Protein chains: 2
Amino acid sequence: MLSQSCIYGIQTCIYLSLPQQLGKKVRVSSIAESLGISPTFLSKIVFTLVQGGVLCSTRGANGGVWLAKELSEIQTLDIIKVIDGPKLFKDCLLGFSGCNDKKPCPFHQQWGQERIRLMAMFQESTLDKIAQKVNDLDLRIQM
Amino acid sequence: MLSQSCIYGIQTCIYLSLPQQLGKKVRVSSIAESLGISPTFLSKIVFTLVQGGVLCSTRGANGGVWLAKELSEIQTLDIIKVIDGPKLFKDCLLGFSGCNDKKPCPFHQQWGQERIRLMAMFQESTLDKIAQKVNDLDLRIQM
DNA sequence: TAGATAAAAGACTATTTTATCTTAAATTAT
DNA sequence: ATAATTTAAGATAAAATAGTCTTTTATCTA
C-alpha cells in the first residue's frame with residue numbers, strides 16, 4: 001500500500017505536529033531516535049520532503065527541520081505524493097496500461113470509486129486533525 | 001497496492017475464465033504469450049496458485065493448468081491472499097505494530113472502514129462476474 | 001575567526017522483488 | 001519402451017527498495 005519510506009515520512013510529519021515539537025526546529029537524529037528509525041535513512045526521506053515543500057530545514061548548530069506550512073494546510077496526501085508519487089491514485093489496479101473509461105479493465109469502475117474514497121481519506125487527514133486525534137486518545141507514536 | 005506477481009496471477013485466472021479457455025487445459029507458455037509475461041516467471045506464479053488451491057496442473061505432453069473450482073467459487077481475494085498474503089488486510093497503515101482497537105493509530109478507524117470496502121470488492125469479484133464483464137464490454141486482456 | 005554542529009551528498013551494502021536460464025521430473029503419444 | 005512435451009525446481013541475474021557509512025557543506029556559537 002504505502003512504501004516503508006512513505007510510512008516513515010508520515011510518522012515524521014505527525015511527530016513534528018505534536019505540541020512538544022510544533023514550532024521548533026527538531027534534529028533529524030532526535031526524530032529518528034524517537035521513532036526508532038535509522039538516522040541517515042530518515043535524513044534522505046526528510047530531504048525528499050524538504051524538496052517537496054512539506055518540510056523546511058537549516059544546517060549547522062541549532063539546525064533542524066520543521067513543517068513548512070500550517071498544520072491545517074498539510075494533507076497526508078501531500079506527503080504520499082511527494083514520497084511515493086501519484087501512482088497509487090492513477091495506475092490501473094490490474095496493471096493494464098490501456099485501461100481507461102472507454103476500455104475499462106474489470107475493476108476499473110469499482111476501483112475508481114474506492115480510489116476516490118482513499119484519496120478523500122488522505123486529503124481530509126490534515127496534520128492538525130491527526131495531531132488532535134493523537135492527543136485526544138493519548139496515543140504514543142511507537143513501533 | 002498489489003505486487004506485480006499478484007497482478008499476473010489475477011490476469012492469468014481471468015484469462016482462464018474466458019469461454020475460449022474455460023474447461024480446457026492451457027499451457028503456461030500460451031498464457032504467458034497471450035498476456036505478454038515471461039513464461040518461466042509466470043510458471044512460478046502459477047505454481048503458487050496450484051499450491052494455494054486456486055489452479056490445478058498436470059505435466060507432460062498435452063499438460064497444462066486449469067481453474068480448480070467453479071468460476072463463482074473463486075474470489076479475487078483468494079488469489080491475492082495466496083500470492084501476496086493477508087498483510088494488505090491486516091497490517092497497520094502507518095506500520096505501528098502495536099496498533100489495535102484499544103491503542104489505535106490516527107488512521108486505524110478510517111483505514112479499517114476502507115479496508116473492509118476493499119475486501120468486499122475483492123470478495124464480490126468472483127471469476128464468473130469478471131468473465132461476464134469482460135465479455136459484455138468486449139474487453140481485451142492486453143498490456 | 002575557529003570549532004562544533006547538523007543537514008546534504010555520495011558511495012556502498014543488504015534485502016526483496018522481478019525476471020531469466022538451465023536442468024529435472026512427470027505425463028502423453030507413438 | 002522411447003521420444004516429445006510440459007510443469008516443477010534450482011541456480012543465477014537484474015532492478016528496486018531499504019539501510020549504512022563516510023565525507024562535504026552550511027550555519028551557529030564562542
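Computed from a prediction, not measured in an experiment: that's the story for all the values here. Throughout, protein chains are lettered first and strands after them, A, B, ... in sequence-line order, and every chain is numbered starting at 1.
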> Within the supplied structure, the quantity of interest is the number of heavy atoms (other residues, nucleotides, ligands) at a distance under 6.0 Å from Gln123(A) CD; does it exceed 12?
yes
> Regarding Phe47(A), tell me which of base, sugar-phosphate or nothing describes its non-hydrogen contacts under 4.0 Å with the strands shown.
sugar-phosphate
> Check the distance between dT17(C)'s C1' and Phe41(B)'s CZ and give it to me in whole angstrom.
7 Å
> Heavy atoms, side chains only, cut-off 4.5 Å: are Asp84(A) and Phe89(A) in contact?
no
> Below 4.5 Å, heavy atoms only, C-beta onward: do Ile130(A) and Ile10(A) meet side chain to side chain?
no
> First and last nucleotide of DNA chain D in contact with chain B, 5' to 3', at under 4.0 Å to a heavy atom: what are they?
dT5(D) to dA11(D)
> Pairs counted as Watson-Crick or G-U wobble with both distances under 3.5 Å: what dot-bracket string results for DNA chain C, using | for bases tied to another strand?
||||||||||||||||||||||||||||||
> Write down the distance between CG (Leu55(A)) and C1' (dA8(C)), rounded to a whole number of angstrom.
14 Å
> For residues Leu94(B) and Phe107(B), determine if any side-chain heavy atom of one lies less than 4.5 Å from a side-chain heavy atom of the other.
yes
> Once you apply a heavy-atom cut-off of 4.0 Å, does Thr40(A) come out as touching a base, just sugar-phosphate, or nothing?
base
> Between Val50(A) and Lys44(A), which is nearer to the 5' end of DNA chain C once each is assigned its nearest nucleotide?
Val50(A)
> Identify, with sequence neighbours excluded, every residue that meets side-chain hydrogen bond (donor to acceptor under 3.5 Å, both in side chains) alongside Asp78(A).
none
> Would you say that Lys103(B) contacts Phe96(B) through its side chain, given a criterion of any heavy-atom pair below 4.5 Å between the two side chains?
no
> Heavy atoms under 4.0 Å is the rule here; annotate nucleotides 24-30 of chain C 5' to 3' with B where the base is hit, S where only the sugar-phosphate is, and - elsewhere.
-BBBB--
> Counting heavy atoms not belonging to Gln51(A), are there more than 12 under 6.0 Å from its CD?
yes
> If you define the side chain from C-beta out and look only at heavy atoms, does anything of Trp111(A) sit under 4.5 Å from Cys92(A)?
no
> In the structure I gave you, are the side-chain heavy atoms of Phe122(B) and Ile79(B) within less than 4.5 Å of one another anywhere?
no
> Using a strict threshold of under 4.0 Å (side-chain N to carboxylate O), is an ion pair present between Glu114(B) and Arg117(A)?
yes
> Would you give the length of the straight line joining atom CG of Leu93(B) to atom NE2 of His108(B), rounded to the nearest 0.5 angstrom?
11.5 Å
> Just so I know, are the side chains of Ile45(A) and Gln11(A) near enough to count as touching, which here means a heavy-atom distance under 4.5 Å?
no
> Which side-chain N or O atoms in residues 16-30 of chain A pair as donor and acceptor under 3.5 Å with protein atoms at least two apart or in another chain?
residue, atom, partner, partner atom, Å
Ser17(A), OG, Cys13(A), O, 2.7
Gln21(A), NE2, Tyr15(A), O, 3.0
Lys24(A), NZ, Gln20(A), O, 2.9
Lys25(A), NZ, Asn62(A), O, 3.2
Ser30(A), OG, Arg27(A), O, 3.0

> Between protein and nucleotides 14-16 of chain C, what N or O pairs are separated by less than 3.5 Å?
none

